[in-house]
2 protein chains.
Amino acid sequence: MAKLELEASERDAGGSGPQMPASRHYRKARHDRGAETRHRLLLAALDAFGRYGFEAASTRDIAKRADANLAAIVYHFGSKEALHRAVTEYVIEQITRHMHTEQAEARDYLNGSPDKAGARIMLRKLIRWKVQSMLREEEAELWSRFILREQMDPSSTFDAVYEHLCSDQDPLNGLIGILFDLAPQSDEAIVRSATIMGQIFIFHIGRPMILRRLGRNALGDEELDLIARVVEENIDRIVGFALPLETAA
Amino acid sequence: MAKLELEASERDAGGSGPQMPASRHYRKARHDRGAETRHRLLLAALDAFGRYGFEAASTRDIAKRADANLAAIVYHFGSKEALHRAVTEYVIEQITRHMHTEQAEARDYLNGSPDKAGARIMLRKLIRWKVQSMLREEEAELWSRFILREQMDPSSTFDAVYEHLCSDQDPLNGLIGILFDLAPQSDEAIVRSATIMGQIFIFHIGRPMILRRLGRNALGDEELDLIARVVEENIDRIVGFALPLETAA
DNA sequence: CGATATATCAATCGATCGATTGATTTTGTC
DNA sequence: GACAAAATCAATCGATCGATTGATATATCG
């Protein structure tokens, strides 16, 4: 379950760290308590930062929810700020890992000699995969909330998130560009991509409201299938005009 | 500019208020300082609560940004919590006011004998109006951020926002229902409405990221026109299948 | 002008925040 | 078992939080 390592990605957290988990050339424990505590703190912080924001999320609450001592945060990460950076890195790493295969495939296709028919199929595949992974993966709601929270106070780690997850890592713009005869970085391609991502993000950011309208307490398989079908249908229709209708499944 | 009154909508803010602006049967001042201070505090709080969240937004910061004294918050509103409630009421009031005419028109249409052709035109009108008002109105980004922030910590004033802005006030579900042969409160109608709203909300919640991709510092008329065109086109195509293509402008 | 309600202000309260400390427990090597 | 590094813990620090206080300033009446 806990694949994360993170190890020493933040040495001196702003100039404070007196003692840190050296992780030098020392043997690993048979049962690494430290790594487990670190991971529990990371997940608790991911939820707390995303839900309450950086300042409102108290280290005491994070430590308590991680079943760890308050001082463990400074011990394992260096400071509250460093913990926030570690969470950012974790989110980027997780999303990148989940996206890697499909995005690489789409990028490879774009680097070849793409045409509209192929781009439409590739877009459908990418969207289907984004919807599934972003809605099925349980942690994904935490990732979305954390990232969108950063947007509201665009100072902290906004740049890192942007560079790793948005700029040119995402082949969505390229596919849209081909289908609509637009330059990949043209304003319209960017706006069109945003409207597509918005249809997915709304089910993260607005989940409480949607759950209430649906009269549910959680999104079950039935609702997730419905959401996936509607989003995929919508995008199929949006890009459908670019090509004569076909039977691509 | 300041139409707001709010007057005595929160009497005793949780049982604290020793002195409050009585606003009894006393004549209004020629130059009402209190109302101005109250409104400046309200706008500053709207921005701060939406941006940093309830707890992270400090009353000292709000007072400073409103060019008012710290104690003015308790004096005019009763407490930080009451200020938050007042902001919620203000947002509901503003959105309701901006939406009133168009939503009433759509509701009237739904209460008549609606057909698909009329519903499509009505939907197009409603969407166009939502896009324009939500993107053109300068305060709208603050409203969206505030509401979406509530979603992340669905405790506080979530119910009030939901009841006034979502439940059955919004005729979007009804129009979608007619166009897709769905019951207005069916799961699919709700999900379809959400994907439509997501295409608009993304430009509020993700504005910093989109601005960066566009290489802009702000959304000018040019970009707003583009966004409006793309969103309206998308929705036209999404619902277009429900009807044979026509030339309705 | 007083008289009075309205409004603003600096100073201060207890509570909680992030961070630090020194002691203690756990773990692995010799 | 002796020893040290890794890890956890309770207690505590100064800073800042929301809220309160009493004094002062402003505005509208008789």
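The sequence lines fix the lettering, A, B, ..., with proteins before strands; numbering per chain opens at 1. Just so you know, these numbers use all the heavy atoms, side chains as well, and skip hydrogens, waters and symmetry mates.
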(message) Can you tell me how the ring of A:W129 sits relative to the ring of A:H98, calling it parallel under 30°, perpendicular over 60° and tilted otherwise?
(response) tilted
(message) Can you give me the closest heavy-atom contact between A:Q185 and A:I190, atom names plus distance?
(response) O-CD1, 3.6 Å
(request) Calculate the interatomic distance between B:D61 atom CG and D:dG18 atom P; express it in whole Å. (result) 9 Å
(message) Could you check whether B:R97 pairs with B:E93 (Lys NZ or Arg NE/NH1/NH2 to Asp/Glu carboxylate O, under 4.0 Å)?
(response) yes
(request) Scan A:I73 against the nucleic acid and name what it touches under 4.0 Å (heavy atoms): base, sugar-phosphate only, or nothing. (result) nothing
(message) From C-beta outward on B:K80, which listed nucleotide comes closest to its side chain: C:dC17, C:dT6, D:dA19?
(response) D:dA19
(message) Expressed as a whole number of angstroms, how long is the span from A:I62:CD1 to C:dG18:C1'?
(response) 11 Å
(request) Taking atom CD of B:Q103 as the centre, report whether more than 12 heavy atoms of other residues, nucleotides or ligands fall under 6.0 Å from it. (result) yes
(message) Any side-chain N or O of A:T37 below 4.0 angstrom from OP1/OP2 of D:dT8?
(response) yes
(request) Report the distance from atom CG of B:L70 to atom P of C:dA11, rounded to the nearest whole Å. (result) 13 Å
(request) Considering only NZ, NE, NH1 and NH2 on the basic side and carboxylate oxygens on the acidic side, decide whether B:R107 and B:D170 come within less than 4.0 Å. (result) no
(request) Could you tell me whether A:R136 and A:D221 make a salt bridge, using a distance below 4.0 angstrom between a side-chain N and a carboxylate O? (result) yes
(message) By the 4.0 Å heavy-atom rule, please label B:A72 as base, sugar-phosphate, or nothing.
(response) nothing
(request) Take the protein atom CD of A:E36 and the nucleotide atom C1' of D:dT8, then report the distance between them rounded to whole Å. (result) 14 Å
(message) Centre-to-centre under 6.0 Å for A:H204 and A:F146, is that the case here?
(response) no
(request) Figure out the NE2/P separation between A:H76 and D:dA7, and round it to whole Å. (result) 6 Å
(request) Would you indicate which nucleotide in D:dT21, C:dT20, C:dA19 comes nearest to any side-chain atom of A:A71? (result) C:dT20
(message) Measuring to OP1 and OP2 of C:dA10, would you say a side-chain N or O of B:N69 lies under 4.0 angstrom away?
(response) yes
(message) Please report the distance, rounded to the nearest Å, between OH in B:Y75 and P in D:dA25.
(response) 17 Å
(message) Please pick, from C:dG18, D:dA19, C:dT20, the nucleotide with the shortest atom-to-atom distance to any side-chain atom of A:R60.
(response) C:dG18
(request) Pick base, sugar-phosphate or nothing for B:A57, based on heavy-atom distances below 4.0 Å to the nucleic acid. (result) sugar-phosphate
(message) For the helix from C:dC1-D:dG30 to C:dC30-D:dG1, what angle separates the axis at the start from the axis at the finish, each from five pairs, in steps of 10°?
(response) 0°
(message) Distance check needed: D:dA7 P versus A:F77 CZ, whole Å only.
(response) 12 Å
(request) Could you check how far CG of B:L83 sits from P of D:dG18, rounded to whole Å? (result) 11 Å
